[in-house]
Amino acid sequence: MFERLAAVLFTIMISIAFLPSQTSAQVSSDEAKCRAFISKSVGKQVKAAQKAIGKCHKDRIKGKILPAVDCNTISIADTKGKVAGAEMKFSDNIVAQCSDTGGPLGDVLAQFTTCHSPSETADDGGATTDIDDFLEVAACVSAMARALSESNARQILGTPDALAVQNLENLTKNLSKCHAEVGKRYAKLIETAAKVGAKCQKASDASSGPLDYVCAGLDPDGKILKTLNKLKASVTKRCGSLSLPDMNTLDMCGDSADQVGACAGDKIASLVGDGLVAMSYNLDSCPRGFDLTMRAANCSSITNTESDLGTNGIGHDRGGIDATLASLELSCNPSCSVCAATLEAGSNCRCANDPTIICNEVNALDPANCGADLCECYLGPPQPISANGTGACVLQRTTSVSGTIGAGSGQVDLNAQLLADVYLPIDALQPCPICVGDPIFNDGIAGGLCDGGPRNGLSCDTNGDTCDLGATSHDCPPDPGFLVTGSGVAIELDPLTDGPIAKTKTLTGLFGSAVACGTCTLDPTIGCFSDVTCILAGAGTCDGSGHFPNACSLPFNSSCVPGGVGPGGGPDDGVCSPVDTDTYCDGVLLSNGEPVLTCATDADCIAQNPICPGSFCGLCTINKSRECFLDPIAAIGSATGPYQADLASIYCHPGTFSAAINATHGYPGPGRLVGDFALTPRCGECALLPSDDCSVDADCGVNGPCVSNATTWNAPIGSLCP
């Protein structure tokens with residue numbers, strides 16, 4: 001972190017020539033006192049909130065309060081009224097400390113324009129729906145601090161399975177100690193970062209510095225770094241010995257000590273500590289963009305990410321990929337509650353003639369980077385899938401992304417138009433070429449070597465990881481000779497949403513059965529749920545004939561009954577009835593526990609030994625009931641805060657030119673995704689290409705470093721880029 005902070009200072013100095021000229025009023029002594037009061041009041045409120053939340057969790061895990069209690073909601077956790085008291089004191093005293101509109105402190109008031117999402121209504125009590133006076137400053141900042149404290153707790157501490165923890169505590173006390181230590185340490189880190197920022201800004205104000213918050217990213221005495229390192233060491237000590245199932249029971253933001261330390265530590269230090277202080281001095285702007293990152297966490301944690309694909313049921317219960325899927329440009333209303341989102345160039349945009357080169361024109365010619373060729377944008381790096389002993393490597397070109405995002409709430413409603421290129425696999429357990437040995441993913445440094453594909457043995461920077469099926473990279477593309485979808489098959493994620501979604505089986509399939517997913521009569525490479533998709537594409541009508549609803553023993557909806565485990569553990573899957581049982585080799589399991597290599601006898605497993613770890617695929621002992629899609633096909637997403645959301649989509653996947661892949665994966669057929677996504681604000685701009693948004697230097701590549709689009713480094717907090 002120290003290196004990052006030093007880099008920030010350096011980039012501010014060297015890139016000032018690239019920033020627009022700005023002026024800022026100087027701070028008077030009265031203004032300084034007012035600003036110090038606001039900052040101190042916010043700090044007291046956040047400290048009280050974190051203390052109340054931590055105590056509630058501790059009591060809940062120990063069984064002192066009911067398991068149904070929501071400890072991440074302050075109005076419930078604040079049983080002693082300490083948070084409400086701090087908010088009331090702030091409101092009661094702010095007018096005495098700060099003059100009202102038009103007074104000598106009008107410049108301070110002008111720094112607080114409109115309250116931001118998810119607290120956009122907190123300033124609606126006055127003459128306008130914007131902030132009219134210092135009472136509304138207190139109301140807004142208090143509401144935002146409360147919302148952020150709750151969001152942090154939901155994401156970091158989660159909602160542990162209290163009864164399961166209590167049962168496990170009969171054997172060990174490590175679970176409750178681990179959870180309590182995380183709560184204690186991340187609260188201390190926020191407090192430290194807030195104090196450091198407030199002290200720095202107070203010194204600037206005392207010397208009649210500018211009204212702008214100038215201390216974001218600074219840690220002159222190393223106190224934040226010291227507290228961060230102590231957090232990670234303490235979490236490792238308290239949580240390092242816990243198993244994956246035990247950690248998952250705690251429901252924190254990671255299922256290993258390292259993961260929890262990184263998300264609770266690095267994330268809080270980079271996004272929340274500075275931001276809480278910055279929020280006390282000005283409410284400036286909304287994010288310029290978001291990076292949409294899927295968190296499948298296959299290697300060492302369990303998330304809600306799940307993919308169910310195809311009619312045969314064998315492709316259900318698959319994971320996803322840990323990767324940034326898209327960079328989105330935002331155009332927000334003043335409160336950042338509704339932001340129009342469109343696709344913009346990012347690390348997933350690559351030259352068609354050289355996938356190792358990042359380019360800047362979305363699906364258009366990019367002479368500066370690609371010469372006479374196109375810059376093509378993808379939905380993440382190559383994604384490997386494997387089912388029924390047959391794999392496929394999928395590279396999805398993103399033709400467009402549009403929709404809305406609530407920057408402060410995490411509410412998402414997007415439409416993504418894709419062209420999927422499906423490739424034959426290298427083998428069932430390595431469907432795609434992989435990047436081996438790269439120590440740091442997505443850092444712009446090609447530290448690994450490609451294994452497989454046309455760039456076999458050449459250098460690569462890993463862009464995504466599935467753990468089970470390998471780490472993939474744009475630098476390691478699949479072999480063009482393995483392509484089985486021609487110019488690509490059209491897939492529409494409409495919507496990709498944080499809410500509930502369902503698709504009813506209204507098309508007529510084989511034997512008069514009802515199916516949800518068809519293909520267009522004039523272009524079978526386009527999947528559809530209704531005629532609308534085909535008409536808009538000039539591709540005829542939506543036809544379900546020749547399709548099975550599910551690959552159960554009987555090709556009718558009545559053969560699929562409730563009973564399977566749906567996305568994220570929900571009830572949205574069915575099982576075939578009468579029961580269809582598939583058998584699998586027991587030596588190869590995905591990290592979510594799902595088998596992947598089908599078999600009829602032990603000999604089938606032995607025959608596949610060369611592709612298995614240790615050259616042993618096990619024996620043919622696993623029996624699993626085949627899952628199927630109910631009618632309607634349903635999925636549920638959820639908005640969980642400004643930084644993350646569970647997003648759901650149901651789509652149609654057309655067939656490929658490979659009969660084996662079609663039969664194995666059940667194409668054409670429906671697909672369903674529920675993914676755990678991170679929404680990372682992009683607040684800066686690339687120094688040598690200001691039209692490109694960024695959050696870190698690696699986002700810019702050769703066009704870096706990443707600098708603020710104001711006069712100071714932007715430290716995003718919720719929906720804010722101060």
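Predicted model only: the values in this text are computed from it and were never measured. Quick note: residue numbers are just sequence positions, from 1.
Looking only at atom types and distance, the side chain of D354 has a donor-acceptor partner in the side chain of T356 under 3.5 Å away. Side-chain contact, D586 with T621: a donor N or O sits under 3.5 Å from an acceptor N or O. In this model, no donor atom of one side chain and acceptor atom of the other lie less than 3.5 Å apart for D498 and S638. Under the 3.5 Å distance criterion, with hydrogens and angles disregarded, no donor-acceptor pair is assigned to the side chains of T293 and D291. Side-chain contact annotation: S402 with N415, donor-acceptor N/O pair under 3.5 Å absent.
Counting heavy atoms from C-beta on, the side chains of P654 and I491 come closer than 4.5 Å. A heavy-atom distance below 4.5 Å is not found between the side chains of V489 and P668. Proximity of S117 to S409: side-chain heavy atoms (C-beta onward) are separated by under 4.5 Å at one or more points. Residues C552 and R626 fail the side-chain proximity criterion, which asks for heavy atoms closer than 4.5 Å. The side-chain heavy atoms of D604 and C620, taken from C-beta on, include no pair separated by under 4.5 Å. Side chains of I633 and D308 form no contact here, defined as non-hydrogen atoms less than 4.5 Å apart. Side-chain contact check for L365 versus L374: some heavy-atom pair is nearer than 4.5 Å.
With respect to R350 and D373, no salt bridge is recorded, no charged nitrogen being found less than 4.0 Å from a carboxylate O.
C359 does not pair with C370 as a disulfide, the SG atoms being 2.5 Å or more apart. Cysteines C520 and C534 have SG atoms closer than 2.5 angstrom. Between C450 and C476, a gap of under 2.5 Å is found separating the two SG atoms. Cysteines C617 and C612: SG-SG separation is under 2.5 Å.
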